[in-house]
Amino acid sequence: MTAATLTDAKPGWTPARMGVFALLVLAALWLGWKAWDVNITMSCWKNEWPNLPVCGEINGRTPQERVARLQERLAANPGDSQALVELTELAHRPETAAGLDAPALLAAAGQAAPQDVTVLQLQANEALRAQRWPDALDKLTRLSQHHHNADATRVLAELVALAAQPPAQPSLQQALVDAVGADAGWLDRVLRAMPGAKLPLGSAMPLVALAAAKEPGLSAPLGLYVIRQLKTEGLWLEAHAIWLRLWKRSLGYLFNGDFEQNFVAGGFDWEVIERDPHRGGARIDLAGRRERGQVLRVAFTGRAMKTPLVRQHMMLPPGHYRFAGDFQSSDLRSNEGLSWVFSCAGGDRRELARTPALKTTGRTWQTTGVSLEVPAECGLGVALSLQTQAPYEARTGLRGEVLFDRFTLVQEAAPQGTSQP
C-alpha cells in the first residue's frame, strides 16, 4: 500500500483542520463565559447571592448607584418590569427620591406588574394617605387574601375597627360594605387577626352579618371562631345570632339536651373541660344505651380533676326557667355527690341555682331539676355546668360512673309574689 493510499484512508491533522478546531474551542469558551456572566448578572439582579462581591458592582454599592444601574437597565430594556418595580420602590424612599418621578413610576409599575407585592403595597399606601378607601381596600384585600401579607391584614383589621368608632365615617363604612359585597373571602383572615391586634371583633359585626347573609355564608370553622371571640367579649346576642345562622333553624334554650349528636366545639353546645382523659380524674364521652339512644357518660378514675367537668353556654333573656334531666348511677362513690349548676357566664359569674346533690341511684333512672331566675345583670349569657357538690372532692377524686339524658330547659311564668324583670 502506497503513502498516498494511507493518506486517503485516514486523514491527519492538517494545519487548516487544527485552526478550525481551535476556533471552535475558543467559541465554546467564549459562549460559556458569556452564559456564566449572564447567569451571574441575573442572579445579582434577583438578589439570589446578596454576599457575592461582584453583585456590588453589578447592582451598585450605594442607593444612588443602584438608581443609576436600574435606569441603565430600563434604557436598555424598557420592558424590564423587575427593574421598574425596584426603581419605583427607591423613588418612594426619601434618600433616593430626588430626581425621580414617583407617581409616574408607580403608574407604570402598576401597568407592568399589577400583582407584584411591592407595587400593591405602594399603591395601598398612596390610597390610604389620600383616603381613597375603595382603592385602598382593593389593594389591601388582594395583599391579604392572595399574598398572605400580614401587614395588609393588620391594616384591614384596623380599618374595620376604625369604621365602627365615632365619629362616623360613612365613606369608609360604605367602602367596607362594598368590599364584602364584592368578595367576602378576605374577611376570614382579618377577623382572625383582630384579637391578636387587641381590636374588638364585635366592631366587625355589621360586616360579619353581611357575609353571613351571602351565599354560601360563613364557613363553620370561621363561624365558630367568631362565636368564641364574641363570647369572650360578652356579646352573647351577637354570638347566638351567628350560631343560629350556622344551623339555619330555630333552636331551644338548651342545645343537644338528648345528647344524640356529637358535640360542636366552640359554639353553644356541650364543652368537655378536661382535655386529657387518660390523666384526668373524669373521662367524658357519649355512650349508647339500647332503651335511650346516646347518653352522656362521666366515668371517674379516682384522680383529681378540673371543674366544671362539662359546660354549656346559653343565651337566656331575663326571666324564670325550669330545668329537668334524667340521671343514673349504680356505683358512684362520693360523699357529697354531683350538681348541675347555673351561673352567669360573664361579670361576677354569680351562681343562680343548682340541682339537689346527685348520688347513687342503683340501676334505675331518676329525674332531677331546679327552677332559676335569670337577672338582667347576667347580660344574656348563662352557663350550665356539672360540678362536684363539695369542691374538695374535685381535689381528692371520685370513682364510679354516672349517665345523663333528656335534659330540658323551658321558660315559665314567674311564681306568684314575684315580679318579672
Side-chain angles (χ1 to χ4, degrees), residues 253-259 263 268-277 279-287 289 292 295-314 316 320-375 377-378 381-410 412 415:
Y253 294 119
L254 183 69
F255 185 79
N256 196 14
D258 55 8
F259 303 102
F263 301 156
F268 286 81
D269 199 351
W270 300 104
E271 304 172 47
V272 178
I273 307 303
E274 180 59 71
R275 297 298 181 186
D276 191 346
R279 295 184 179 181
R283 298 175 182 173
I284 302 168
D285 60 8
L286 296 173
R289 289 295 182 269
R292 285 182 171 258
V295 300
L296 176 66
R297 175 173 60 188
V298 183
F300 297 99
T301 65
R303 301 187 185 97
M305 54 193 163
K306 296 178 180 179
T307 56
L309 303 169
V310 186
R311 176 180 62 199
Q312 180 175 145
H313 285 131
M314 295 169 284
L316 296 183
H320 188 78
Y321 297 85
R322 177 67 188 176
F323 167 75
D326 295 348
F327 74 102
Q328 184 265 324
S329 175
S330 59
D331 59 354
L332 177 63
R333 293 193 285 279
S334 167
N335 292 330
E336 306 294 335
L338 304 168
S339 289
W340 286 97
V341 180
F342 285 88
S343 58
C344 294
D348 58 7
R349 300 185 185 275
R350 74 179 70 176
E351 182 175 316
L352 303 176
R354 66 171 56 207
T355 63
L358 311 177
K359 297 184 177 181
T360 298
T361 64
R363 295 187 176 277
T364 61
W365 284 86
Q366 295 185 9
T367 298
T368 187
V370 67
S371 295
L372 64 145
E373 191 78 25
V374 177
E377 293 77 12
C378 267
V382 174
L384 171 61
S385 57
L386 179 63
Q387 304 178 18
T388 56
Q389 180 76 350
Y392 78 87
E393 288 201 292
R395 298 188 295 271
T396 58
L398 305 179
R399 288 195 176 274
E401 181 181 275
V402 186
L403 306 177
F404 298 99
D405 195 20
R406 298 178 184 172
F407 282 10
T408 60
L409 180 68
V410 295
E412 296 182 329

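Atoms considered below: every heavy atom in the structure, side chains included; atoms not considered: hydrogens, waters and symmetry mates. One is the number of the first residue; the rest follow in order along the sequence.
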For V341, is there any backbone N or O sitting under 3.5 Å from a side-chain donor or acceptor partner on Q387? no
Can any side-chain N or O of S334 pair as donor or acceptor with the backbone N or O of K359 at less than 3.5 Å? no
Given side chains that start at C-beta, do those of L352 and P375 come closer than 4.5 Å, heavy atoms only? yes
Less than 4.5 Å apart, side chain to side chain, heavy atoms only: is that true for L358 and F404? yes
Could you tell me the separation between the NE2 atom of H313 and the OG atom of S385, rounded to the nearest 0.5 Å? 8.5 Å
Quick one: does NZ or CZ of R406 land under 6.0 Å from the six-membered ring centre of W365, within 45 degrees of the ring axis? no
Is it true that a side-chain atom of W270 and a backbone atom of V310 form a donor plus acceptor pair closer than 3.5 Å? no
Has R399 got a side-chain atom pairing as donor or acceptor with T301's backbone, closer than 3.5 angstrom? yes
Nearest 0.5 Å please: distance from the CZ atom of R363 over to the CG atom of D331. 9.0 Å
Looking at every non-hydrogen atom in both residues, tell me the closest pair between M314 and A383 and how far apart they are. CE-C, 4.5 Å
Going by heavy atoms in the side chains, are I284 and L386 under 4.5 Å from each other? no
Examine distances only and state if a side-chain atom of E393 and a backbone atom of N335 form a donor-acceptor pair shorter than 3.5 Å. yes
Looking only at heavy atoms, what is the nearest atom pair of L254 and F323, with distance? CD2-CE1, 4.4 Å
What's the spacing between L286 CG and N256 CG if we round to 0.5 Å? 7.5 Å
Sidechain N-carboxylate O distance under 4.0 Å for D326, R292: yes
When you compare the side chain of Q366 with that of F327, does any pair of heavy atoms fall below 4.5 Å? yes
Please report the interatomic distance OG(S329) to CD(E401), rounded to the nearest 0.5 Å. 7.5 Å
Checking the side chain of S371 only, and the main-chain atoms of R322 only, is there a donor and an acceptor separated by less than 3.5 Å? no
Test side chain to side chain contact (heavy atoms under 4.5 Å, CB included) on L384 and Y253; report intermediate values, then the result. CA-CA 11 Å; L384 171 61; Y253 294 119; over 6 Å; no
Flag side-chain contact, heavy atom, 4.5 Å: V370 against F342: yes
Kindly indicate whether the side chain of V295, heavy atoms from C-beta on, has any atom under 4.5 Å from the side chain of F259. no
Decide yes or no for T388 and E336: does some side-chain heavy atom of the first lie under 4.5 Å from some side-chain heavy atom of the second? no
With rounding to the nearest 0.5 Å, note down the distance linking OG1 in T396 to CE in M305. 7.5 Å
L372 CG to E412 CD distance, which is reported to the nearest 0.5 Å: 9.5 Å
